[in-house]
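Whatever order the structure lists ligands and atoms in, that order sets their numbers, starting from 1.
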Amino acid sequence: MKHFDMVAIGGGPAGSMAALTAAKLDLSVLLVERDPDIGIPVRCAEGVDVKGLSQFFQPDPKWISAEINSYYLVAPDGSKVKMLSGLDSGLILERSVFDRMIAHEAALNGARVMTGIEAVAMTEYTEGLRTVTLRSDEKEWDVRARVVIAADGVESRVARWAGLKTRVGLDDMETCAQMTLANIDIDQHAFSLYYSSKFAPEGYAWVFPKGRKIANVGLGISGNFAKQKTPVQRLEEFREHYFPETSIVSRTIGGIPCTGGIEKIYADGVMVCGDSAQMANPITGGGIINGMIAGQFAGETAAEVLSKGGAEEKRLRIYRKRCDDRFGKMNRRFYRIKESIITLSDNRLNEIAHKILETPVEKRTPIKVLRSALLKEPGLLRLLPKLLI
Ligand SMILES: Cc1cc2nc3c(=O)[nH]c(=O)nc-3n(C[C@H](O)[C@H](O)[C@H](O)COP(=O)(O)OP(=O)(O)OC[C@H]3O[C@@H](n4cnc5c(N)ncnc54)[C@H](O)[C@@H]3O)c2cc1C
């Protein structure tokens, strides 16, 4: 049976960053990915902010499809509010290339990367080790790890095997459908977010340009509404309404847990990262950068604790603190204000849009928009300065 310091399960941005960080710090690392190709299929609109991404990699044209300098908020009545890019500018990635690049870097730094391999079971933590059972086709074998990284995405089983609570209520699960549309006539340096109870109740629709008149167009709705009409049906209607002349070149579906995070993100010999720990921003659903930050913290924490002994639960508390300080506390605040924002009526959204349109474009900031949205919620309004900081 093979022994590793770290076994990272899931080759998304979170798992690959954990593997890369740990390998750089001289741990022996195995990264396993269930799909045959890392980065494929892409279940993502691929938007990130430059500042977040630049903590890890300098933007490279090989995995960037569009640069963003502004965006539009579109009200239910079709009013389009142009915003200059908020606190920072953005990028639309080519995730099939980007995700693979991170795994490639991990391998170049000494991690063993295996694709087409699924983790199917994990034992209790015994004598400083977890045993993980891996499966490829009909073959099964065990590997041992001093620490396991649960980075197996939205439906994480690894965190549950470690006894952690990951259940998501229907109302907090954004169910999404997305198409890549070709021949779409939009500003290729601006993304758009559409709010409307008709197309995206308790969620929003997005149009993210990918250059050359191509865009990721999708929507996410609260799971509560998915039974009435599926996100796929709603997206068909949205496309018919706004972009009838386009061609559909790919389709995908997926879920984003928008809970503000699971309560506990570590257990004896296990750290949970990215979507497995529900680390996406609960308002926007963006989870790539938080997943990468958590992966990096998990890799660093693993190297620290293993150099002093083992990865017992009490020694992994620092991992939670690091995530909390960087984005966890903020996500919990965002979760508190999410409810007030998603339940705004179409009329109120139209009013807000008209009000903001009276402000010159250079003075329109995300905080001003949030402030208008929360005007009738003085308790939550007080959270805004903290969020801004
Ligand atoms: C429609 C949609 C649009 C989105 N748009 C954006 C966006 O624009 N910007 C943004 O920041 N975020 C976006 N997100 C969220 C973002 O995609 C995720 O937050 C991000 O991918 C999380 O990274 P991760 O590494 O935690 O998980 P994932 O990227 O999901 O990676 C998990 C990996 O684990 C593998 N795996 C699962 N089980 C096992 C197993 N048992 N053994 C081995 N491997 C396993 C999976 O195959 C997968 O490759 C979007 C999500 C959806 C669904």
Side-chain angles (χ1 to χ4, degrees), residues 7-19 30-49 52-53 65-66 68 90-93 95-96 98-100 102-103 113-122 132-136 148-161 173-180 191 193 203-208 210 215-221 231-232 235 250-258 272-282 284-295 298 327 331:
V7 172
I9 302 171
S16 290
M17 268 315 292
L30 173 66
L31 171 66
V32 291
E33 166 54 49
R34 181 180 55 192
D35 289 332
D37 290 300
I38 284 184
I40 300 173
V42 175
R43 284 195 196 90
C44 185
E46 308 177 279
V48 289
D49 67 295
L53 183 83
S65 50
I68 301 297
L91 294 170
I92 309 300
L93 299 172
R95 271 198 65 182
S96 56
F98 178 74
D99 284 21
R100 196 177 293 194
I102 312 176
V113 179
M114 298 177 86
T115 56
I117 308 280
E118 183 178 10
V120 291
M122 182 174 75
V132 178
T133 305
L134 301 176
R135 183 187 294 158
S136 164
V148 171
I149 301 300
D152 50 335
V154 159
E155 293 148 27
S156 181
R157 285 184 297 161
V158 185
R160 269 182 277 142
W161 294 335
M173 179 56 92
E174 285 293 299
T175 56
C176 309
Q178 183 177 273
M179 298 167 171
T180 304
F191 67 83
L193 304 179
Y204 65 89
W206 61 81
V207 177
F208 282 16
K210 293 200 54 143
N216 287 332
V217 177
L219 54 81
I221 62 173
V232 172
L235 183 57
S250 74
R251 293 168 188 264
T252 185
I253 52 168
I256 311 179
C258 291
V272 192
C273 304
D275 275 10
S276 313
Q278 300 163 19
M279 288 173 169
N281 176 320
T284 65
I288 300 171
I289 300 298
N290 286 352
M292 291 174 73
I293 294 171
F327 60 81
N331 271 359

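No side-chain heavy atom of V42 sits under 4.5 Å from any side-chain heavy atom of Q178. Between I9 and V148 there is a side-chain heavy-atom pair separated by less than 4.5 Å.
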For a distance cut-off of 3.5 Å, show me each N or O of ligand 1 paired with any protein N or O, plus the separation.
unit_1   : atom_1 : unit_2 : atom_2 : d
ligand 1 : 5 (N)  : A45    : N      : 2.9
ligand 1 : 8 (O)  : E46    : N      : 3.2
ligand 1 : 8 (O)  : G47    : N      : 2.9
ligand 1 : 9 (N)  : G47    : O      : 2.8
ligand 1 : 11 (O) : G287   : N      : 3.0
ligand 1 : 11 (O) : I288   : N      : 3.0
ligand 1 : 12 (N) : G287   : N      : 3.0
ligand 1 : 17 (O) : R95    : NH1    : 3.1
ligand 1 : 19 (O) : D275   : OD1    : 2.7
ligand 1 : 19 (O) : D275   : OD2    : 3.4
ligand 1 : 21 (O) : R95    : NH1    : 3.0
ligand 1 : 21 (O) : R95    : NH2    : 3.1
ligand 1 : 25 (O) : P13    : N      : 3.2
ligand 1 : 25 (O) : A14    : N      : 3.0
ligand 1 : 26 (O) : D275   : N      : 2.8
ligand 1 : 29 (O) : R95    : NH2    : 3.3
ligand 1 : 41 (N) : A119   : O      : 3.0
ligand 1 : 42 (N) : A119   : N      : 3.0
ligand 1 : 44 (N) : R34    : N      : 3.1
ligand 1 : 47 (O) : E33    : OE2    : 2.7
ligand 1 : 47 (O) : D35    : OD2    : 3.4
ligand 1 : 49 (O) : E33    : OE1    : 2.7
ligand 1 : 49 (O) : E33    : OE2    : 3.2

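In this structure, the side chain to side chain contact (heavy atoms under 4.5 Å, CB included) partners of A14, at least two apart in sequence or on a different chain, are A151, C273.
In this structure, L31 CG and M114 CE are separated by 10.5 Å, a value rounded to the nearest 0.5 Å. We find the CD1-CG distance between I38 and D99 to be 8.0 Å, quoted to the nearest 0.5 Å.
Between R157 and E118 there is a salt bridge, since a side-chain N of the basic residue sits under 4.0 Å from a carboxylate O of the acidic one.
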